[in-house]
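Here is the structure we will look at, set down as structure tokens.
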Amino acid sequence: MKRYNPKEIETKWQDKWEADKIYQAVDDLKKPKKYVLEYFPYPSGAAMHVGHVRNYTIGDAMARFARMRGYNVLHPMGWDAFGLPAENYAIKNKVSPRSAINKNTDRFKRQLKQMGFSYDWSREIDSTDPGYYRWTQWFFLLLFKLNLAYQKESLQWWCPFDKTVLANEQVENGLCWRCGNKVEKKSLKQWFFKITDYADRLLDDLDDLDWSDAIKSMQRNWIGRSVGAEIKFRIDGPDECITVFTTRPDTLFGATFLVISPEHPLALQITSTGQREEVEKYIKAAASKSDIERQETNREKTGVFSGAYAINPVNYKKVPIWIADYVLYGYGTGAIMAVPAHDKRDYDFAEKFDLPIVDVIAPELSGTGINRHRDDVETLERRVVAAILCNDKGEYLLLVEPDNTHFLGGDVELSDADDVAALKRQVTEESGYTDFASIKPVSSTIVMEGYRIPKGKNQRTEGVFYEVVLASDKRVASEVEEGKHEIKWVPKSEVAKQLTFEHHSLAWEQYVTGNRCYEGEGVLVNSGTYDGLSAAEARDKIIADLETKGFAKERVNYKIRDWLISRQRYWGAPIPIIHCSKDGAVAVPEDQLPVLLPEITDYEPSGDGRSPLAKIAEFINTDCPKCGGPAKRETDTMDGFACSSWYFLRFADPHNNSKPFDKDKADLWLPVDDYIGGAEHAVMHLLYARFWTKVMFDQGLIDFKEPFSALRNQGMILAPDGQKMSKSRGNTIEPDGLIEQGYGADSVRIMELFIGPWNQAVNWSVEGMAGAYRFLQRFWNLTQEFLEAKEEQNAKHNPEVSRELNRITHRTIKKVGDDLNALSYNTAIASQMEMINDLYKQKTLDLFADREAWEFSINSLLQLLAPFAPHISEELWHQMGNTTSIHLSQWPAVDEQYLKLDQMSIAIQINGKLRGEIKVNAAASEETVVEAAKAEEKVAALLTGHEIKKTIYVSQHLVNFVI
RNA sequence: GCGCGGGUGGUGGAAUUGGUAGACACUCAGGACUUAAAAUUCUGUGCCCAAAAGGCGUGCGGGUUCGAUUCCCGCCCCGCGCACCA
């Protein structure tokens, strides 16, 4: 018997497939197209490990399945070889980036080829090839012409280790996304792409994409659209205004102070003489603080009073202006109206600096005996106070009525001087206690409104809860003695459980947490004529009213900033711009592209904020394309993400020398149907590529607005120890070693997919690898036994076995097809394993006597296996006598007639508990099944002496007797 | 804090619209083959109980239902992302 030897067959078939060009995509589309793409890799110095390989294995299974299902498939591969990682590797290893890339690319390509992935290598692209980056530069010029590329001097993230600036997206928690070092801010003149112009479309078009919710929400978050208004506050004194941005204009009456950021241009101007020294000190301190320090979370609020006041445009009240670094200059207007009652950050600030807190939004809650507001009856206004009353033992006093338990309290009468007077009166009336140590408000204002049945009127109740601490337990006679209600002291931990009113519970929570800031929706209070409006209504109305006076306008803000794309590094596509002292920044004429990256010897960045190209006189000195006078080339190169923002388009037409791609070819293949890769590019590549695609659409270069219809984020493979695999940890597992050990690429591929759901992270399992190999080996051996049995012609023919073989086969064809459509690769493989186990059992029954049935089963299973293990399935397919490639064969069809069972297995339950199981003819009627169930030995015993109250029959599944 | 995922045997993980929980694999144990080992092959493997009978079991507590991993309410825990964005 021939032994399964992956090494032998795998290279043999890889060579054959390449020679026969069976994976080449043809532009002619008589068949439906399918574009399957995995992120094109950085050919870094570290080889690919099994985690990377999973990504390509998923894509390859998709591509192969689609091919066998009759799709014309484009499955290309290329190299994202520009950029920092490649250059850093080159510098570290003292080689030129070019030769380092060539070496790494060769290695990656060898790794991919040995895995047997079905790439169309005739479309291979390399972003560092002048034939490619010529068009990257072409796109830069397109953006430049459209005013979507511009230069600006500003503070930018600077990585002192990589010696270059970085885009906002490329800084994670204050660390460089590549090298992990702390970044700084540096003021430099830089190139930007105006992605902010597309913010709305980038946000809105997300809805229709078949992407994971996680990535979509990350992008939404990053774009950070917020709708609100700008409101002008006149400064009391000088003829100046401060404009603030807010999403909550409905809380304007609660704006008890303004805060501007330390960088705000008015900060020093408005500061009063008395406060000047302090303010200057604060601004200086804020400037010296790194942005990382300033952005540390939950940092204690700091700030300083400017001495100036502004006028609230709705109620003309004077509010103090503070300067604090929790307001960021880069967002909105760099100034806010602080509403401590309804914004936690302002609340914390107000608490710390003892600024007034005014409730203007009250949560609207229901109470007992209150129905929906009626328009036909009068509305009574009522103010109430309630007492969270405690003694020195830490107990709280509750009032107990037949149906309800709550805090003491009641109406504020006209005769009461204020809330506190009313509170004392109520507490004494209801409980008899008279001796109070302290009384202070502890809740936000709460409103209840609606039709009050007992009164026959609407009632609007507004109230606040106060903490009342008893000084002694002195009491006088009260309503308790009159028998109106009872009172009881309960420990703090019990209070929440006993309260029966929603508003009392809310107040208690605010009291316990010490946070009476209410950030939710509600109705307006303390807001003049706007009182009673819902917050949503008030938002529109207040803005509309102020707008007519010129004090406000609607406004949308975004968190996303323009994409900084210039890099002070050598290894990138040169920015095709010439700087002329007369004409400024001038585009390199199209016919002079590409601007070639010169070969140099000293490519190490200097760190002075200029690219190594700045030292190359032959490169920089040129003539201005406009005036012909002496001019200098731009020396910065483009961010590597520029190259990857359009590569998926180039695959449609990779060898075009006259344009980036032919429109018809792009429209024919794109958008990408399945884009497979990790989640790490959520707000970088995946956002940039969408932006470029939209620009191209607007320019009529393509007919689609989104590059990737479906995005599949594969789960990470962790090392067996649960750690992330990395070269530095020394825990990487590479496919090369596994193949070398004799497992072969097919086993590795099976393992990659069988180990768990493709989109979930898992630890690599060394033992599992052997199991994957065992499965393929069992298939191999079974096929060998079948082929050898041919000669024996053992006539142990058994029609039952033949029927069973067909049943098993069709059941598996159905299951694997369904699973592949659902991307459930692990269960698809499991059902193939199951089929192999079944075939082993059937083999013992007829010793392969029914040649035809066996041949069908084996051939079908080989086809089902082909997308996962292309080599062994091809080899055995040929051993079975087929002469053309299995990968060009038609996916087997399910014959429904074999899915029907002769017998069905029925579970028998009594009161929902499983008590037995019977097998009955599949055609049996409900009556027959139920009778058979009753007769089952165990069940019959349990049923005797009981009346069956109800019988539930679920067809094909179970009978449940309720007794 | 906010957003998005998840919690099922010793392990990775399966379970159509609520309908026999634990498919498949790993691990482990035992049998066959072998001088022996490896490989292979067969059997067993959720927990409690010596076994049977029975009971308990899908993070925790409730609820709906004849029946809940699945639906509802309230919690706990883990992972990822964002984070003073007004």
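Numbered from 1 within each chain, the chains take letters A, B, ... in sequence-line order.
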Notebook entry, point to check: Once the angle between the rings of A:W322 and A:F353 is folded into 0 to 90°, is it parallel (under 30°), tilted (30 to 60°) or perpendicular (over 60°)?
Noted result: tilted
Notebook entry, point to check: Who are the side-chain hydrogen bond (donor to acceptor under 3.5 Å, both in side chains) partners of A:E521, not counting sequence neighbours?
Noted result: A:R539
Next item on the list: Would you tell me whether A:N557 and A:S226 have side-chain atoms, one donor and one acceptor, within less than 3.5 Å of each other?
Entry: no
Next item on the list: Please check if any side-chain donor atom of A:S905 sits under 3.5 Å from a side-chain acceptor atom of A:E917, or the reverse.
Entry: yes
Margin query: B:rA23, OP1 or OP2 - any side-chain N/O from A:N837 closer than 4.0 Å?
Written below: no
Notebook entry, point to check: If you pin A:Q956 and A:G334 to their nearest nucleotides in RNA chain B, which one's is more 5'?
Noted result: A:Q956
Item checked: With sequence neighbours excluded, residues passing side-chain contact (heavy atoms from CB on, under 4.5 Å) with A:Q909 -> A:L958, A:N960
Check: For RNA chain B, whose closest nucleotide is more 5', that of A:E767 or that of A:F245?
Finding: A:E767
Notebook entry, point to check: Sequence neighbours excluded, which residues qualify as side-chain contact (heavy atoms from CB on, under 4.5 Å) partners of A:A552?
Noted result: A:I231, A:I543, A:L546
Note to self: Syn or anti for B:rG9, given that syn means the glycosidic angle lies within 90° of 0?
What the structure shows: syn
Next item on the list: Have a look at A:T247 and say if it touches a base, only the backbone sugar-phosphate, or nothing, with a 4.0 Å heavy-atom cut-off.
Entry: sugar-phosphate
Checklist line | Pairs involving residues 947-963 of chain A, ordered by first then second residue, that meet salt bridge (charged side-chain N to carboxylate O under 4.0 Å, His left out) (sequence neighbours left out) | finding: none
Protein and nucleotides 65-68 of chain B: nitrogen or oxygen contacts under 3.5 angstrom:
| unit_1 | atom_1 | unit_2 | atom_2 | d |
| --- | --- | --- | --- | --- |
| B:rC66 | O2' | A:N960 | ND2 | 3.4 |
| B:rC66 | O2 | A:N960 | ND2 | 2.5 |

Notebook entry, point to check: Nearest to the side chain of A:M218, which nucleotide is it out of B:rG19, B:rA25, B:rG81?
Noted result: B:rG81
Next item on the list: May I ask you to check whether A:Y773 and A:Y4 place their ring centers less than 6.0 Å from one another?
Entry: yes
Short N/O separations, protein against nucleotides 7-13 of chain B, under 3.5 angstrom:
| unit_1 | atom_1 | unit_2 | atom_2 | d |
| --- | --- | --- | --- | --- |
| B:rG12 | O2' | A:I755 | O | 2.5 |
| B:rG13 | OP1 | A:Q760 | NE2 | 3.2 |
| B:rG13 | O3' | A:N826 | ND2 | 3.4 |

Notebook entry, point to check: Do A:F349 and A:F257 make the cut of ring centroids closer than 6.0 angstrom?
Noted result: yes
Note to self: Looking only at side-chain N and O atoms, does A:S444 offer a donor or acceptor that is under 3.5 Å from a partner on A:D359?
What the structure shows: no
Check: side-chain contact (heavy atoms from CB on, under 4.5 Å) with A:Q741: which residues, sequence neighbours excluded?
Finding: A:L738, A:Y743
Checklist line | Closest to the A:L958 side chain, choosing from B:rA23, B:rG19, B:rC82 | finding: B:rG19
So which protein nitrogen or oxygen atoms get under 3.5 Å of nucleotides 55-59 of chain B's nitrogens or oxygens?
| unit_1 | atom_1 | unit_2 | atom_2 | d |
| --- | --- | --- | --- | --- |
| B:rG55 | OP1 | A:R915 | NH2 | 3.3 |
| B:rG55 | OP2 | A:R915 | NH1 | 3.2 |
| B:rC56 | OP2 | A:K913 | NZ | 3.4 |

Check: Taking 4.0 angstrom as the limit, do A:D210 and A:R712 come out as a salt bridge?
Finding: yes
Notebook entry, point to check: Among the nucleotides B:rA15, B:rC84, B:rU20, which one has an atom lying closest to any side-chain atom of A:E917?
Noted result: B:rU20
Check: Where do A:V327 and A:P262 come nearest, in terms of heavy atoms and distance?
Finding: O-CD, 4.3 Å
Next item on the list: Using whole Å, report how far CE of A:M833 lies from C1' of B:rA25.
Entry: 6 Å
Next item on the list: Output the single nucleotide from B:rC84, B:rC24, B:rC4 whose closest atom is nearest the side chain of A:Y326.
Entry: B:rC84
Notebook entry, point to check: Nearest 0.5 Å, what's the CE-CG distance between A:M835 and A:L865?
Noted result: 10.5 Å
Notebook entry, point to check: Hey, does the side chain of A:S226 come within less than 4.0 Å of B:rA86's phosphate (OP1/OP2), counting only N and O?
Noted result: yes
Note to self: Could you tell me how far B:rA38 sits from B:rA23 if I compare only their C1' atoms? Round to whole Å.
What the structure shows: 30 Å
Item checked: By side-chain contact (heavy atoms from CB on, under 4.5 Å) - contacts of A:D343 (at least two apart) -> A:R345, A:D346, A:E519
Next item on the list: Report the distance from atom CG of A:D746 to atom CG of A:L776, rounding to the nearest 0.5 Å.
Entry: 6.0 Å
Check: So what stems show up for RNA chain B if we need 3 or more Watson-Crick or G-U pairs in a row, all under 3.5 Å?
Finding: B:1-7 with B:76-82, B:10-12 with B:24-26, B:28-32 with B:40-44, B:46-48 with B:54-56, B:59-63 with B:71-75
Next item on the list: Please state the C1' separation for the pair B:rC72 and B:rC84 - nearest whole angstrom.
Entry: 37 Å
Next item on the list: Using atom CG of A:L718 as one end and atom C1' of B:rC80 as the other, report the distance to the nearest whole Å.
Entry: 12 Å
Can you give the donor-acceptor pairs under 3.5 Å from side chains of residues 756-764 of chain A to other protein atoms, not counting sequence neighbours?
| unit_1 | atom_1 | unit_2 | atom_2 | d |
| --- | --- | --- | --- | --- |
| A:W758 | NE1 | A:L823 | O | 3.1 |

Show the distances under 3.5 angstrom between N or O atoms of the protein and N or O atoms of nucleotides 37-41 of chain B.
| unit_1 | atom_1 | unit_2 | atom_2 | d |
| --- | --- | --- | --- | --- |
| B:rU40 | OP1 | A:Q777 | NE2 | 3.4 |
| B:rU41 | OP1 | A:R778 | NH1 | 3.1 |

Checklist line | Which nucleotide in B:rG5, B:rU43, B:rG19 has an atom nearest any side-chain atom of A:K841 | finding: B:rU43
Margin query: Counting the atoms with a prime plus P, OP1 and OP2 as sugar-phosphate, which does A:G771 contact under 4.0 Å by heavy atoms, base, sugar-phosphate, or nothing?
Written below: sugar-phosphate
